[in-house]
Every structure is written in structure tokens, then in C-alpha cells.
Amino acid sequence: MDTWQRRTLLYVIGLAGVILAFTLGYDYGMEAFENEPREFLHALQVVVETFTTTGYGSDAPWESDLMRVFVIVMDITGVVLIFLALPVLMFPLFEEAMKTKAPTTVERDLSDHVVICHFTPRGETLVAELDSWDVDYVIVEPDRDRANELYDEGYHTIHADPQSVEGLEKAKLADARALVADASDQVNTSIVLTAREVDEHVRTVSVVEEPDRAKYHDLAGADAVLSPRGLLGESLASKVTTGVSATLGEEFELGEDFDIAELPIHRGSNLVGSTLAESGIREDTGVNVIGAWFHGDFVSPPSPDAELTGSTVLLASGTAAQLDALKSKTLSSVRGFRRGETVIVGYGEVGETIASGLGAANVPHTVLDKTEKPGVDVVGDATEPEDLEAAGVADARTVILALSDDTDTEFATLVIRDLNPDVEIIARAEETENVQKMYRAGADYVLSLATVSGRMLASTILEDENVISMDKQVEIVRTDAGGLAGQTLGEANVRSKTGCTVVAIERDGTVLTDLGPDVEVRYGDKLVIAGTDAGVDRFTELFG
């Protein structure tokens, strides 16, 4: 029984008790003070007439003062109870009647869809990808209020229990292309087991919070088990180590010696303060700058007059040697990895992965965490200036914030920037919507766990889209030529329409990377495009 129902029941019981008490009092008063005995039902009728204001007492006028006072009290009580009924009973009733309610089952024909069990921030990225590919989905949410909220926001949602056979049957799991279990580790394994009971052939994808529990998801029958936190930690660590971290990875290479990398410009770099044209990047290194992040906003292509700052992140393509040359230009000219110059704040799964990556690259570092455990150098609060100073933040060259709470990350960024205005701050965000706030707080590079997770889920589920940059601010996707076939890149005007850049074309086993406006896209080509998540979604909608 919910709060409104309890209030209604208590009100009705209380009202009946008050009416009964006044009826008995009126019956006694008429006999004792007016010498006019009344039957019980007659007394009840007078009380009800008074309370409802449909009558003012058929026995009026009364002769005794005590009965007049009694009737006055009864009149006032009746009016108070009526007005009390409005906020307690009537208003919630109207609100409940007018509120949008999520259905408890799929109300339309649905097939080849994705069943999403529980909706987390990473689900937003996944849903955006599914929408861009016109793939249907249904969110199965067990919490009624949360289900109603999602349904009211326009998400295809049903209120059902994903851990029950009935709940997944209501989502038409047997007709779905895949199921995504995105709750806690224990709940996810339960959902996978239930899905296997409904239909053994439906592809199941489970998101694991603790990597050492992945084997239990496998034992439950999950077809794919994703661990985005480890990948996020590796990516953040790569922003500190001296080597170039390839964006495309081993699963796809652009030619024998061609790759794409995301390179932050460090605050002590000689590039800071110059424009892109003045930097000589193209002339000195031979790389092609595809795009750049300026204070959290992605621009592709960047203007030659765009000023490079300590918060600029370049997206560049070229050979390994060219990218290495650019990497050396982005680093601080006085940078040297002395102990304490790199501080890791937060030592959960992401923080441990970062520390492992820095250790493998022989980069000395100091770890601050609120819990004392192996690997932690300083025990303290990330939002307290004294604890941050104890970790060496005031003298650090780089601070990596690996906190799980975005509010703490934002506040810690402000404190660190105050303690050390020149420090490079690399931050992990839990939710994509908080990335811009972290940039405004003073972070130089921010990567969202929700974005990484959503891309991993989309790439696992969608057969037509191969996301090959899970762990970068910019999404890089390998996809079919689609609606671009038969057009030149100049005619298609991809950049102005979508904000994306076509960086390579795979054709008959050959990879074309020297792309000008006159290059024609042919049927059967595979394209590699780079852009923001929203930009890639627009590309898919226009040309997919």
C-alpha cells in the first residue's frame, strides 16, 4: 500500500469516527438539553447534513446554549474536514489520474529489438546509438516511479521485473535480437539466468562492475561480459605515459603504418599560446589534424586561427613515427617524471588500473585514497586541501582524478586548480552530462564512464557499426558506405552536415587515407569516420 492509499484509508476511518462521535453527542444533547429525543438515524442525518453543507440541521432552532455551542463546533469541524479532504484525498487522486503511467507490457508489435534491463547513464549512449540505426528497444524497469519517469521522458519503457520470466516475456524477449543486463553484478547474473529460461537463443550482454566476477556472468550464460572501468583506467593512464596510445587498436589497422591518436596538449608544451597555423604541426610532423577539443567542445576541422591551450586535445592521423613526433611536441618542454609529479586521486578499480599502467611505463606516482589499503600512499579526502597537499598536488605536474562521485570530482578539481594553477588535471566522469561542468571547473581532459560503457554495448549489439574507439572523447567508427555511395566527399559535405570527418576508406582490401574532396565513395566501401557521439549518430541518420 503506497503513501496516498494509506492517507486515504486513515482519513476515511477518522472521518467515520468523528461523524459517529458527533451523532452520539447530538443524540444525547437533544434528549438531555432540548427534551426532544431523536432516533439514532435521525441524529446521523442531521450530522451528515451539517458536514456536507447540504442542510443546516432540520431540528433548528435549538433552545439551549449547550446545543447551540455543540452545533457550532460541529459546523466548524465539518468545514475543516471537507477542506482537509482536498489536499489529502482529492488532489492526489486527480494527480494520480492525470499522471503518465508506464505500461506493464509491450503494447505494439515488436521484433528484432533490444531489451535493456534497468536504465543507467550508459544506457543513454546505447539508446542514442540504437535510435540512429532505427533499432527498436524496450527498457524493463522494476521500480514503478522510475519506469513512469522514463516513460514520461519519451523512452520506450515497461514496468516489469526483469528477474522474472513473466517480466521478460512481457518485453517479448523471444523476438528480441539481444538483452542487456545493466544493474549490479548479482542482479545481472539473475537476469541472464532468467533470459536463458525464456529463450536460450537470444544474445545476452552483461555489464560487470568487478572484473574478478566476470567468470560468474559467463557461468550464468552471458554471451558477452563487458568491463568498461578497466578500459577507462587504461585510457586515462595513457594520457600520462610517453608512448602514443593508438586509437584504433589491434582489431583494425589503417594500412601497414597508419593510425589515429588523441593527444592532449600539456600546459608546459611549446605549442601553448600559438595558433594551429603558427604551430607548424603539419610541416614539422606530417600529421593531419582531423579535429580538436577546445574547452570540452569538439571542432572538426579546427580553424587555422584556433589558439592552442593547455586544455586542447588534438585528434590526428598519420604514421606511428609522425604521431610520436607530435606527441613529443604536445608534452611539456621541462617535463620529467620525478616521484610525486603524477598524483592519482581515488584507488578503486579505475584508479588501480591507472596505477598499473603508470607502473608498467615506469612513471613514478603517488596515490591518494580515503581508505588505507595496499597501493595507497596517502590516506585522505579528495576534497580537503590539506590532504591533497599531503599527496603532493601543489608540486605535481599531473593529477588524475579517478573518483566515482562526479560531485566530488568537480569540487576536487576546483581545489586542485587553486592549489596548483599550472597542473594538468585528467578526470574520470561517471555521467556524460557532468563532463562540461568538470571542464568549467578547470579539468584539462575528461572521459565519461557512461560514454565508454555505452559505446561498448552498442558495438557489441549492432552488427552494422564497429566502434573502434571505446576509450576516447571522440568516437571512431567503421561502417558501410550507405547513402554516401556514388558521391564525392566534396559533394556529400559530411563535415558541415554532421561534424564528422571521413578519415579512411577501405576498398577491395586496400585502405585509402589520402582523401580529398574529389574522392568518390563507391558501393561496397567501408568508411572510417571520426566525430563526437552525437555527430556519428547524425552521420548514421543521414547516410546510414
Side-chain angles (χ1 to χ4, degrees), residues 120-122 184-186 188 206-218 225-243 245 249 264 337 339-384 387-388 390-393 396-410 412-413 416 423-431 434 438 443-453 455-456 470-472:
T120 63
R122 51 183 157 249
S184 66
D185 286 340
Q186 293 89 336
N188 285 350
S206 184
V207 180
V208 61
E209 298 292 332
E210 300 292 338
D212 57 354
R213 296 181 177 179
K215 62 180 179 181
Y216 304 118
H217 295 246
D218 289 325
V225 181
L226 307 181
S227 180
R229 282 183 167 81
L231 181 61
L232 178 68
E234 293 172 3
S235 177
L236 295 179
S238 72
K239 298 299 177 287
V240 178
T241 56
T242 54
S245 177
F337 293 111
R339 179 165 184 79
E341 282 205 341
T342 299
V343 178
I344 303 171
V345 181
Y347 202 61
E349 182 189 339
V350 176
E352 289 185 21
T353 305
I354 295 170
S356 177
L358 296 184
N362 295 319
V363 177
H365 54 275
T366 301
V367 176
L368 168 69
D369 193 81
K370 62 182 179 181
T371 303
E372 184 175 0
K373 54 185 173 180
V376 175
D377 301 302
V378 179
V379 178
D381 190 336
T383 61
E384 291 295 333
D387 294 338
L388 290 169
V393 165
R397 305 291 298 182
T398 303
V399 176
I400 306 179
L401 293 172
L403 303 171
S404 59
D405 186 278
D406 286 352
T407 302
D408 287 346
T409 301
E410 294 160 10
T413 301
I416 293 168
V423 71
E424 177 193 19
I425 301 176
I426 299 172
R428 160 251 182 113
E430 191 73 14
E431 299 185 21
N434 294 325
M438 293 180 188
D444 297 298
Y445 183 92
V446 184
L447 188 59
S448 164
L449 177 64
T451 297
V452 173
S453 307
R455 289 177 185 171
M456 292 178 76
M470 308 290 187
D471 58 340
K472 301 293 181 286

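Judged by distance alone, with hydrogens and angles left aside, the side-chain atoms of Thr413 form a donor-acceptor pair with the main-chain N or O of Thr409 at under 3.5 Å. Proximity of a side-chain donor or acceptor of Asn188 to a complementary backbone N or O of Val207 within less than 3.5 Å is detected. Using a distance-only test at 3.5 Å, with no hydrogens or angles considered, a donor-acceptor pair links the side chain of Asp369 to the main chain of Tyr347. Here the side chain of Asp444 pairs a donor or acceptor atom with the backbone of Ile425 at under 3.5 angstrom. Under a 3.5 Å cut-off, the side chain of Asp406 and the backbone N or O of Ala429 do not form any donor-acceptor pair.
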Please lay out, stage by stage, how Arg428 and Leu449 fare under the test side chain to side chain contact (heavy atoms under 4.5 Å, CB included).
CA-CA 7 Å; Arg428 160 251 182 113; Leu449 177 64; 3.7 Å; yes
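Residue Ile344 is tested with Ile426, Leu358, Thr366 for a side chain to side chain contact (heavy atoms under 4.5 Å, CB included); the sole match is Leu358. Of the residues Val350, Val345, Leu368, the one that meets the side chain to side chain contact (heavy atoms under 4.5 Å, CB included) test with Leu401 is Val345.
Residue His217 comes nearest to Ser206 through the heavy atom pair ND1-OG, 2.6 Å, listed as atom of the first residue, atom of the second, then distance. Between Met438 and Ala427, the closest heavy-atom pair is SD-CB, 4.4 Å. Across every non-hydrogen atom of Ala355 and His365, the tightest pair is O-CE1, 3.6 Å. The shortest non-hydrogen separation linking Thr342 to Pro364 is CB-O, 3.8 Å. In this structure, Glu210 and Asp185 approach most closely via the heavy-atom pair N-OD2, 3.2 Å. Among all heavy-atom pairs drawn from Ala402 and Gly346, the shortest one is CB-O, 3.9 Å.
Using a cut-off of 4.0 Å between Lys/Arg side-chain N and Asp/Glu carboxylate O, Lys370 and Glu372 are scored as not salt-bridged.
Between Glu424 atom CD and Ile400 atom CD1 the span is 8.0 Å, to the nearest 0.5 Å.
With sequence neighbours excluded, the residues that form a salt bridge (charged side-chain N to carboxylate O under 4.0 Å, His left out) with Glu410 are Lys437.
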